[in-house]
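Sharing a structure, written as structure tokens. Questions coming.
Bear in mind that the values here come from a model prediction, so they are computed numbers and not experimental data.
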Amino acid sequence: TLEAVLNFKYSGGPGHVEGYYRNLALGLHVEVEPSVFFTRVSTLPATSTRQSHLLLDVFNSTEHELSVRARSDEELVLHAGECQRMAIQVDKFNFESFPESPADKGQFANSKQLEEERQEARGLEINSKLDIHWTIISFRTGEASVEGLLNQLVLEHLQLAPLLWDVLVDGQACDCQAAACRVGDPVRLEVRLTNRSPRSVGPFALSVVPFQDHQNGVHNYDLHHAVSFVGSGTFYLDKVQPSGQVACLGALLFLYTGDFFLHIRFHEDGPSKELPPSWFCLPSVHVRALEAQA
């Protein structure tokens with residue numbers, strides 16, 4: 001809202017010759033509304049554990065058709081008074097890497113105020129990476145901001161977990177795409193853990209359970225005739241220090257062609273039960289077994 005008082009001084013005719021004039025004070029009240037604003041903000045998991053989908057319900061409050069674009073994503077066209085959902089795939093943020101000096105901490109009266117400042121700083125960082133712009137064709141352009149709209153839950157979903165898990169099949173990272181192998185050839189499986197937290201974690205015990213997804217809500221775990229472990233199906237990871245990395249190795253043998261998935265679960269009687277579930281975000285492992293080469 002803008003408020004102002006405009007003072008006018010005017011004169012004319014015989015009065016102007018005699019040096020007379022009049023004063024006029026005009027009050028001005030202007031309410032400025034955003035051309036584009038977000039009515040709802042939420043998230044959805046992405047295919048990669050290092051990414052997330054940010055969902056924005058975008059409302060066009062102007063009387064014109066406009067387009068909204070974020071970074072290099074496809075633009076969203078909104079008619080006057082229309083609201084649509086916009087999905088933006090983003091790399092998760094490493095908020096712990098933000099510098100914090102002791103002098104900065106001393107400026108805040110309590111931990112609540114410090115956390116509010118941190119949340120504001122994270123919102124600024126996310127907003128700068130999104131780079132959302134709107135355009136009214138042949139008229140004007142502007143920026144749309146998500147500052148102040150990202151609650152604690154959304155920020156948590158956009159943050160890299162303190163424990164980073166990588167699963168490699170024959171040296172190929174399985175995060176988005178299926179790994180290919182040949183029937184009858186041993187497949188090397190590696191589970192790698194990077195500890196980004198300020199504390200030591202582990203040791204961990206993990207079980208690898210193969211299954212097939214029939215794409216109708218049914219998962220078939222009875223694959224003893226199709227998949228065999230070379231050795232044990234349980235993996236062990238030693239304790240890992242802050243900023244450290246550990247890995248465990250195993251091997252599988254696929255006896256038939258097809259698409260297989262590996263469900264990796266943690267033994268709940270170990271140290272894993274003391275940590276939040278969000279720290280154990282393992283990628284989906286998809287292995288495609290092909291015909292053996294002649």
Side-chain angles (χ1 to χ4, degrees), residues 34-61 66-79 82-98 118-135 142-168 172-179 192 194 196-197 213 215-217 219 259 261-265 275-287:
S35 300
V36 169
F37 61 88
F38 305 108
T39 60
R40 187 171 183 267
V41 181
S42 57
T43 59
L44 277 179
T47 306
S48 169
T49 57
R50 302 287 204 275
Q51 296 179 324
S52 182
H53 291 290
L54 181 63
L55 307 180
L56 304 173
D57 289 357
V58 190
F59 179 73
N60 175 14
S61 62
L66 57 76
S67 61
V68 182
R69 181 189 296 271
R71 297 182 310 179
S72 59
D73 295 337
E74 294 184 4
E75 65 179 18
L76 179 70
V77 178
L78 295 171
H79 298 288
E82 185 180 15
C83 184
Q84 288 191 39
R85 174 159 294 180
M86 185 178 194
I88 307 172
Q89 182 171 294
V90 296
D91 294 330
K92 290 186 176 180
F93 295 84
N94 181 15
F95 294 135
E96 276 70 21
S97 66
F98 289 177
R118 287 177 180 171
Q119 188 165 327
E120 182 179 351
R122 293 168 180 176
L124 288 170
E125 173 73 9
I126 294 173
N127 189 68
S128 64
K129 292 291 180 65
L130 294 178
D131 191 25
I132 304 175
H133 286 77
W134 55 266
T135 303
E143 297 181 4
S145 173
V146 296
E147 294 177 29
L149 301 177
L150 305 177
N151 57 40
Q152 187 62 35
L153 181 60
V154 171
L155 290 174
E156 289 178 1
H157 291 168
L158 296 178
Q159 180 178 5
L160 278 173
L163 301 184
L164 295 183
W165 299 88
D166 296 287
V167 180
L168 293 84
Q172 179 182 353
C174 297
D175 196 17
C176 297
Q177 299 178 346
R192 188 181 299 167
T194 303
R196 299 174 51 253
S197 75
D213 185 356
Q215 304 296 325
N216 60 356
H219 290 174
D259 286 279
F261 297 86
L262 303 179
H263 174 56
I264 302 176
R265 65 168 182 254
L275 301 174
S278 60
W279 287 30
F280 300 93
C281 187
L282 275 80
S284 175
V285 183
H286 179 191
V287 182

(message) For a 4.5 angstrom cut-off between non-hydrogen side-chain atoms, does Leu56 reach Ile132?
(response) yes
(request) For Asp57, enumerate each residue passing the salt bridge (charged side-chain N to carboxylate O under 4.0 Å, His left out) test, keeping only those at least two apart in sequence or located in another chain. (result) Arg85
(request) Could you check if a side-chain atom of Lys129 sits within less than 4.5 angstrom of a side-chain atom of Val90, using non-hydrogen atoms only? (result) no
(message) Can you tell me how far apart CG (Leu130) and CD (Glu125) are? Round to the nearest 0.5 Å.
(response) 10.0 Å
(message) For a 4.5 angstrom cut-off between non-hydrogen side-chain atoms, does Phe93 reach Arg122?
(response) no
(message) Within the 4.5 Å heavy-atom criterion, are His219 and Phe261 side-chain neighbours or not?
(response) no
(message) Contact between Arg50 and Asp166 at the side-chain level, heavy atoms closer than 4.5 Å - yes or no?
(response) yes
(request) Taking the side chain as every heavy atom from C-beta outward, state whether Arg196 and Leu160 have any pair of such atoms under 4.5 Å apart. (result) yes
(request) Flag the pair Leu150 / Val41 as yes when at least one side-chain heavy-atom distance between them is below 4.5 Å, and no otherwise. (result) yes
(message) Any heavy-atom pair between the side chains of Val154 and Asn151 that's under 4.5 Å?
(response) yes
(message) Let me confirm one number: the CD-NE2 distance from Gln152 to His157, rounded to the nearest 0.5 Å.
(response) 10.5 Å
(request) To the nearest 0.5 angstrom, please state how far the OG atom of Ser52 sits from the CG atom of Leu158. (result) 5.0 Å
(message) For Asp259 and His286, which I'm curious about, is there any donor-acceptor pair between the side chains at under 3.5 Å?
(response) yes
(request) Give a yes or no on whether the backbone of Ser35 and the side-chain of Ser61 come within a donor-acceptor separation of less than 3.5 Å. (result) yes
(message) With a 6.0 Å cut-off (strictly less than), is the heavy-atom count around CD of Glu147, excluding the residue itself, greater than 12?
(response) yes
